[in-house]
There are 2 protein chains.
Amino acid sequence: MSELHHQPQTRMTQQRAVILEELRKLKTHPTADELYQIVRQRLPRISLGTVYRNLLFLTESGQISKLEIAGNTNRFDANMEPHQHVRCICCGSIADIHTPVREPAIDKLRVQGFARILRSRVEFEGVCEQCASHLANPDAAVVYYHPDKVV
Amino acid sequence: MSELHHQPQTRMTQQRAVILEELRKLKTHPTADELYQIVRQRLPRISLGTVYRNLLFLTESGQISKLEIAGNTNRFDANMEPHQHVRCICCGSIADIHTPVREPAIDKLRVQGFARILRSRVEFEGVCEQCASHLANPDAAVVYYHPDKVV
DNA sequence: CTCCTTGCAAAATATTTGCAAGTAG
DNA sequence: CTACTTGCAAATATTTTGCAAGGAG
């Protein structure tokens, strides 16, 4: 239907280099805006649009991952090792799982209306320590919560 | 830190009844706007804000699920049986898995920076039949894709 | 009657895009 | 030089919210 790819996009600009470098320093899986705030300290004139465009390019070229995880805001990760994540249901922060659980096998999976099943994703939900310290009863959070914002 | 809950929200209005009724008819896991378009055929003066407010209320009161699944747009599901989903990486549509895979055990999971691990989520990605019919080589989709929009 | 709920519009949030100017190769 | 990239601003897209009027119990 549509063509595979658009523009070459190969030039290593200062903006692209700094975005990638700062993302690689972080283990916090920042949002585009969080990364923009960091990069801006080194490149004060950079725009948020440039950060978005470069994050898209870096994702498509396989240099970083756009985290396909629940929540309103996309997050990015320069760690390309396959790994799983926990997401804080209060604040949306994400941490890595260092001892991955086994992913379910997909080879026998058949779903009506789907031509291909390509992969599985396992993720976890929890309450981060920072948020837990604000909650009277963190265990109750799983019952009474808004996605992305615990009451 | 903050209180548990806000307003009682107990009145069964016509809008709320129709929203719930139409969502229950659907197996398509619609977005708020998709459901709004459907409900509007029966209640032409309903507003999108009312749909959002009722979806929030119905979610918080446990009558429906807000699907915490990858993608930009939230989707809703009146099927409260625990079940898993496949998401089409092309168009974002979601289908149910009728033969659920085993969820990983979380009781032994410890993650630095997280006070509680509450639950796991397993989801799948694939290409729906409609999108597959538009792609020359659906198997290539997993390599070259934008989240939510395959090239 | 009370106050929860709605419609409407504006605001808030997140992301994308058009365009002229800038710059990597 | 060429054309990929950027900064800026405006446009989209999604979701939330203030407020006066409406309606369920």
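Note on naming: letters A, B, ... go to the chains in the order of the sequence lines (proteins, then strands), and numbering restarts at 1 for each one. What you see is a predicted model, and the numbers here were worked out from it, not measured in a lab.
Summarising the geometry, atom OG1 belonging to A:Thr73 is positioned 12.0 Å from atom CG belonging to A:Leu67; distances are rounded to the nearest 0.5 Å.
Residues A:Arg45 and A:Phe57 each lie close to DNA chain D; by heavy-atom proximity, the contact nearer the 5' end of the strand is made by A:Phe57. Nearest-nucleotide assignment on DNA chain D puts the 5′-proximal partner with A:Val51, out of B:Leu48 and A:Val51.
No side-chain heavy atom of B:Ser120 sits less than 4.5 Å from a side-chain heavy atom of A:Glu123. Using a 4.5 Å heavy-atom cutoff, the side chains of A:Leu23 and A:Leu58 are not in contact. Looking only at side-chain heavy atoms (C-beta outward), A:Glu103 and A:Gln84 come within less than 4.5 Å of each other.
Rounded to 10 degrees, the angle between the two end axes of the helix from C:dC1-D:dG25 to C:dG25-D:dC1 is 40°, with five pairs used at each end.
Of the listed residues (B:Thr50, B:Val18, B:Val51), just one forms a side chain to side chain contact (heavy atoms under 4.5 Å, CB included) with B:Leu43, and that residue is B:Val18.
B:Tyr36 and B:Ser47 get closest at one heavy-atom pair: CE1-C, 3.6 Å.
With distances taken from any side-chain atom of A:Arg16 to the nucleotides D:dT5, D:dT15, D:dG7, the minimum falls on D:dT5. For B:Thr50, the side-chain atoms get nearest to C:dT6 when compared with the rest of C:dT6, D:dT15, C:dC8.
Rounded to whole Å, atom C1' of C:dT13 lies 14 Å from atom CD of A:Glu34. Spacing between atom CG of B:Leu20 and atom C1' of C:dT5 amounts to 16 Å, rounded to whole angstrom units. Between the C1' atom of C:dT15 and the CG atom of A:Leu67 lies a distance of 17 Å, rounded to the nearest Å. Distance, B:Arg40 CZ to C:dG7 C1': 13 Å, rounded to whole Å. Rounded to whole Å, atom P of C:dT15 lies 16 Å from atom CG of A:Asn54. Protein atom CG of A:Leu56 is 12 Å distant from nucleotide atom P of D:dT5, rounded to whole Å. The CG-P distance, from B:Leu43 to C:dT5, rounds to 16 Å in whole Å. Across the protein-nucleic acid pair, A:Asp33 atom CG and C:dA12 atom P stand 16 Å apart, rounded to whole Å.
In this structure, B:Arg16 is positioned above the aromatic face of B:Phe57, its NZ or CZ under 6.0 Å from the six-membered ring centre and within 45° of the axis.
Look at B:Asn72 and you won't find any side-chain N or O under 4.0 angstrom from OP1 or OP2 of C:dT16. Contact annotation: A:Thr73 side-chain N/O to C:dA14 OP1/OP2 distance is under 4.0 Å. At the phosphate of D:dT15, OP1 or OP2 sits under 4.0 Å from a side-chain N or O atom of B:Asn74. Here A:Tyr52 reaches the OP1 or OP2 of C:dT15: one of its side-chain N or O atoms lies under 4.0 Å away.
A:Ile46 comes within contact range of the sugar-phosphate backbone alone, with a heavy-atom separation under 4.0 Å but no base atom that close.
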Please write out each protein N/O paired with an N/O of nucleotides 19-25 of chain D under 3.5 Å, distance rounded to 0.1 Å.
from	atom 1	to	atom 2	distance (Å)
D:dG23	N2	B:Arg11	NH1	2.5
D:dA24	N3	B:Arg11	NH1	3.3

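Counting heavy atoms of neighbouring residues, nucleotides and ligands inside a 6.0 Å radius, atom NZ of A:Lys25 exceeds 12 of them.
Between B:His83 and B:His29, the ring planes lie tilted relative to each other; the angle falls in the 30° to 60° range.
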Could you check B:His85 against B:Ile97 for side chain to side chain contact (heavy atoms under 4.5 Å, CB included), going step by step and ending with a plain yes or no? CA-CA 5 Å; B:His85 294 105; B:Ile97 301 284; 5.6 Å; no

